[in-house]
Q: 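Quick one: structure below, then a few questions.
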Amino acid sequence: MVAKTLSSSPSRPAAALKPLRGVRVLSLALNLPGPAAFMRLKAMGATCLKAEPPGPNGGSGDPMGQYNRDAYDTLHTGIKVLTLDLKTEKGQQRLHKELTRTDLLLTSFRPSALAKLGLSWKTLHKAYPQLSLVAIVGAPGARAEEPGHDLTYLADAGLVTGLDLPATLFADMGGALMASEAALKAVLSQRLTGKGSFQEIALSDAAAWLALPRTWGLTQPKGAVGGAHAGYRVYPCKDGRVAVAALEPHFAASLCAAAGVAMNGMGSMFQPATHRAIAAFLAGQTRKQLNNLSVARDIPLHTLAT
């Protein structure tokens with residue numbers, strides 16, 4: 001017997017899963033990793049409340065809200081934001097009122113700052129046994145007090161290879177994914193044990209995780225996806241560039257056939273002559289021609305403007 005799908009009509013996709021429906025999450029996390037994780041938790045059905053300090057001239061107290069309002073607005077779509085000065089008695093009282101009905105607290109402070117605010121895990125767990133805490137820090141354990149940012153964590157992981165800045169904030173966004181994963185684990189654990197749990201998510205760990213392919217040599221210059229394989233490179237074409245990802249043998253064979261290059265096993269894809277021949281072929285093609293070639297020959301590629 002074949003199990004029925006959630007939707008009988010192929011034109012109507014199944015409704016998005018909401019595994020965190022009914023779960024109340026309070027975030028004190030600022031800048032990018034925390035709000036990015038929060039955005040994902042909201043998408044999974046969590047009831048989300050963000051508390052942030054007073055900002056200049058009555059604006060946002062989150063630095064992201066000051067230096068990139070568009071990004072801040074996107075991250076906080078559908079999320080209620082509460083202004084709280086946790087250094088005041090009034091702010092503390094309101095925070096603890098919210099904590100009495102919160103399932104999970106998300107933070108991005110150094111451990112010493114949390115302790116000064118009376119929000120260390122030991123203190124929280126004693127006051128709210130069912131509350132879980134996901135603490136985003138820069139580096140794990142004893143290094144959690146060190147100053148740092150996305151760029152320094154990427155540099156430490158070997159992902160800053162020249163003078164150009166990385167194309168995106170990999171450690172921050174990777175850390176956000178790890179934090180949302182930790183939130184799911186915390187909710188599952190709470191449902192099994194009835195108790196809250198503590199998890200520390202380090203952005204340096206996120207950078208190290210993303211760096212694993214490079215550590216293994218895959219993305220090094222002599223690696224298959226580091227430029228050594230002629231079917232996995234970015235080439236110039238007649239009116240722009242083309243990112244070619246013909247890595248597997250059948251894709252590589254299609255590319256070689258289109259370029260009129262003899263392919264004698266996968267080893268030939270690493271030969272300088274193959275690189276030169278494919279480069280010469282692609283240089284004579286327009287983006288439109290290459291897009292058509294991708295469809296006709298089933299070659300994974302994506303054209304780019306200069």
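Since this is a predicted model, take the numbers as computed values, not measurements.
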Q: Would you confirm whether S189, through its side chain, and K185, through its main-chain N or O, come within 3.5 Å as a donor-acceptor pair?
A: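 Not a single qualifying donor-acceptor pair exists.
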Q: Please check: side-chain N/O of T123 versus main-chain N/O of G118, any donor-acceptor pairing under 3.5 Å?
A: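 It does not hold such a pair.
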Q: Which residue pairs pass the side chain to side chain donor-acceptor pair (under 3.5 Å) test when at least one of the two sits in residues 196-209, sequence neighbours left out?
A: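 Qualifying pairs, neighbours excluded: none.
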Q: Are M178 and L30 co-members of a hydrophobic cluster defined by side-chain heavy atoms under 4.5 Å apart?
A: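 Result: no, two separate clusters.
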Q: Only counting residues at least two apart or in another chain, list the ones meeting ring pair (Phe, Tyr, Trp, His ring centres under 6.0 Å) with Y72.
A: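 H76.
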Q: For the residue pair D62 and K50, establish whether any side-chain heavy-atom pair is separated by less than 4.5 Å.
A: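 In short, these two side chains touch, coming nearer than 4.5 Å.
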Q: Measuring only between side-chain heavy atoms, which start at C-beta, is L255 closer than 4.5 Å to V261?
A: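 No, every pair of side-chain atoms sits at 4.5 Å or beyond.
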Q: Measure across T306 and G240 and return the closest heavy-atom pair with its distance rounded to 0.1 Å.
A: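 Looks like OG1-CA, 3.3 Å.
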Q: Can you tell me if R40 has over 12 outside heavy atoms packed within less than 6.0 Å of its CZ?
A: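 At most 12 heavy atoms, drawn from other residues, nucleotides or ligands, come within 6.0 Å of this atom.
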Q: Can you confirm whether F109 is buried at CZ, in the sense that more than 12 heavy atoms of other residues, nucleotides or ligands lie under 6.0 Å from that atom?
A: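 Yes.
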Q: For the side chain of T102 and the backbone of V25, is there at least one donor-acceptor N/O pair under 3.5 Å apart?
A: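 Checked: no pair found.
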Q: Just wondering, do M269 and C256 contact through their side chains at under 4.5 Å, heavy atoms?
A: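 They are in contact (side-chain heavy atoms under 4.5 Å apart), so the answer is yes.
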Q: By the definition side-chain contact (heavy atoms from CB on, under 4.5 Å), identify the one residue from D239, V244, N291 that meets it with T303.
A: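 Among D239, V244, N291, the one meeting side-chain contact (heavy atoms from CB on, under 4.5 Å) with T303 is N291.
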Q: Atom CZ of R94 and atom OG1 of T88: how far apart are they, to the nearest 0.5 Å?
A: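 Going from CZ on R94 over to OG1 on T88, the span is 12.0 Å.
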Q: Looking at M64, is its backbone amide N or carbonyl O close enough to the side chain of N68 to form a donor-acceptor pair, meaning the two atoms are under 3.5 Å apart?
A: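 A pair under 3.5 Å: no.
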Q: What heavy-atom pair brings P166 and V160 nearest, and what distance separates the two atoms?
A: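 Of all heavy-atom pairs spanning P166 and V160, the closest is CG-CG2, 4.2 Å.
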Q: Could you state the interatomic distance from NZ (K42) to NZ (K80), rounded to the nearest 0.5 Å?
A: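 Spacing of NZ (K42) from NZ (K80) equals 13.5 Å.
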Q: For the pair F270 and H229, name the ring-plane relationship: parallel under 30°, tilted 30 to 60°, perpendicular over 60°.
A: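 Plane angle over 60°, so perpendicular.
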Q: Begin from the C-alpha positions of L32 and D150 and carry the test side-chain contact (heavy atoms from CB on, under 4.5 Å) through to its verdict.
A: CA-CA 10 Å; L32 180 57; D150 183 275; over 6 Å; no
Q: Within the 4.5 Å heavy-atom criterion, are L203 and D172 side-chain neighbours or not?
A: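 Answer yes - side chains close enough.
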Q: If we ignore hydrogens and angles and just use 3.5 Å, is the side chain of K18 paired with the main-chain N or O of A43 as donor and acceptor?
A: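 Pair found, side chain donor or acceptor close to backbone of A43.
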Q: Nearest 0.5 Å, please: how far is CG in D156 from CG in L151?
A: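 With rounding to 0.5 Å, CG (L151) is 11.5 Å from CG (D156).
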Q: If I take atom CZ from residue F251 and atom CZ from residue R297, how far apart are they, to the nearest 0.5 angstrom?
A: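 Reported to 0.5 Å precision, the distance equals 14.5 Å.
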Q: With a 4.5 Å cut-off on side-chain heavy atoms, are S132 and V187 touching?
A: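 No. Closest side-chain heavy atoms not under 4.5 Å.
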Q: Mark yes or no for whether H125, through its side chain, and S120, through its backbone, hold a donor-acceptor pair below 3.5 Å.
A: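 Between the backbone of S120 and the side chain of H125 there is no qualifying donor-acceptor contact (under 3.5 Å).
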Q: Return the CG to OG1 distance between L133 and T107, rounded to the nearest 0.5 Å.
A: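 The CG atom of L133 sits 5.0 Å away from the OG1 atom of T107.
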Q: With sequence neighbours left out, write down each residue that passes ring pair (Phe, Tyr, Trp, His ring centres under 6.0 Å) with F198, or none if nothing qualifies.
A: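 Testing F198 for ring pair (Phe, Tyr, Trp, His ring centres under 6.0 Å), a comparison that skips the adjacent residues, returns W121.
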Q: More than 12 heavy atoms of other residues, nucleotides or ligands under 6.0 Å from CD of Q130: yes or no?
A: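 No, CD of Q130 has 12 or fewer neighbouring heavy atoms, counting only those of other groups under 6.0 Å.
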Q: Tell me whether I278 is reachable from V242 by hopping between hydrophobic residues (I, L, V, M, F, W, Y) whose side-chain heavy atoms are closer than 4.5 Å.
A: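 Cluster IDs for V242 and I278 match.
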Q: Look at the side-chain heavy atoms of Ile, Leu, Val, Met, Phe, Trp and Tyr, link any pair under 4.5 Å apart, and say whether M39 and L41 land in one connected group.
A: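 No, no single cluster joins them.
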Q: So which atom in G175 and which in I201 form the shortest heavy-atom distance, rounded to 0.1 Å?
A: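 Nearest heavy atoms, G175 then I201: O-CG2, 3.8 Å.
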Q: Are L20 and I79 connected in a single hydrophobic cluster, I mean Ile/Leu/Val/Met/Phe/Trp/Tyr linked by side-chain heavy atoms less than 4.5 Å apart?
A: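 Same cluster: I79 reaches L20 through Ile, Leu, Val, Met, Phe, Trp or Tyr contacts under 4.5 Å.
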Q: Looking only at non-hydrogen atoms, find the nearest pair between F38 and C48 and report the distance.
A: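 In this case the closest contact between F38 and C48 is CZ-CB, 3.2 Å.
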Q: Can you tell me if R241 uses its side chain to pair, donor with acceptor, with the backbone of L304 under 3.5 Å?
A: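 Not a single qualifying donor-acceptor pair exists.
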Q: With clusters defined by side-chain heavy atoms of hydrophobic residues (ILVMFWY) lying less than 4.5 Å apart, directly or transitively, does L124 cluster with L114?
A: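 Linked, L114 and L124 end up in one cluster.
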Q: side-chain contact (heavy atoms from CB on, under 4.5 Å) for R191 and V23? Distances and angles first, verdict last.
A: CA-CA 11 Å; R191 289 174 179 173; V23 175; 3.8 Å; yes
Q: How far apart are the C-alpha atoms of C237 and L290, what are their side-chain angles, what is the distance that settles it, and do they pass the side-chain contact (heavy atoms from CB on, under 4.5 Å) test?
A: CA-CA 9 Å; C237 63; L290 290 172; 3.7 Å; yes
Q: Nearest 0.5 Å, please: how far is NE2 in H149 from CG in L169?
A: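 If I round to the nearest 0.5 Å, the distance is 9.0 Å.
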Q: Could you give me the CA-CA distance, side-chain angles and deciding distance for R214 and Q220, then say whether side-chain contact (heavy atoms from CB on, under 4.5 Å) is met?
A: CA-CA 6 Å; R214 186 170 180 81; Q220 298 285 359; 3.5 Å; yes
Q: List the atom of S268, the atom of T274, and the distance in Å for their closest heavy-atom pair.
A: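 Here S268 and T274 meet closest at O-OG1, 2.6 Å.
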Q: Is any side-chain heavy atom of D73 closer than 4.5 Å to one of R69?
A: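 Yes, at least one pair of side-chain atoms sits under 4.5 Å.
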Q: One pair to check against side chain to side chain donor-acceptor pair (under 3.5 Å): S254 and D298. What are the steps and the verdict?
A: CA-CA 7 Å; S254 294; D298 192 31; over 6 Å; no
Q: Indicate yes or no: at least one non-hydrogen side-chain atom of L49 is less than 4.5 angstrom from one of R24.
A: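 Answer no - side chains too far apart.
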Q: Please check this pair: side chain of T286 against backbone of K238, looking for a donor-acceptor N/O pair closer than 3.5 Å.
A: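 No: the side chain of T286 does not pair with the backbone of K238.
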Q: Could you tell me whether a side-chain N or O of Q92 sits under 3.5 Å from a main-chain N or O of L117, the two making a donor and an acceptor?
A: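 Yes; at least one donor-acceptor contact below 3.5 Å.
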Q: Determine the minimum heavy-atom distance between G158 and T161, stating which atoms define it.
A: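 The pair with the smallest heavy-atom distance is O-CG2, 4.0 Å.
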Q: Tell me if a side-chain donor or acceptor on Q66 pairs with a main-chain N or O of S60 at a distance below 3.5 Å.
A: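 Yes, Q66 side chain to S60 backbone: donor-acceptor pair under 3.5 Å.
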Q: Just wondering, do H96 and L99 contact through their side chains at under 4.5 Å, heavy atoms?
A: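 In contact.
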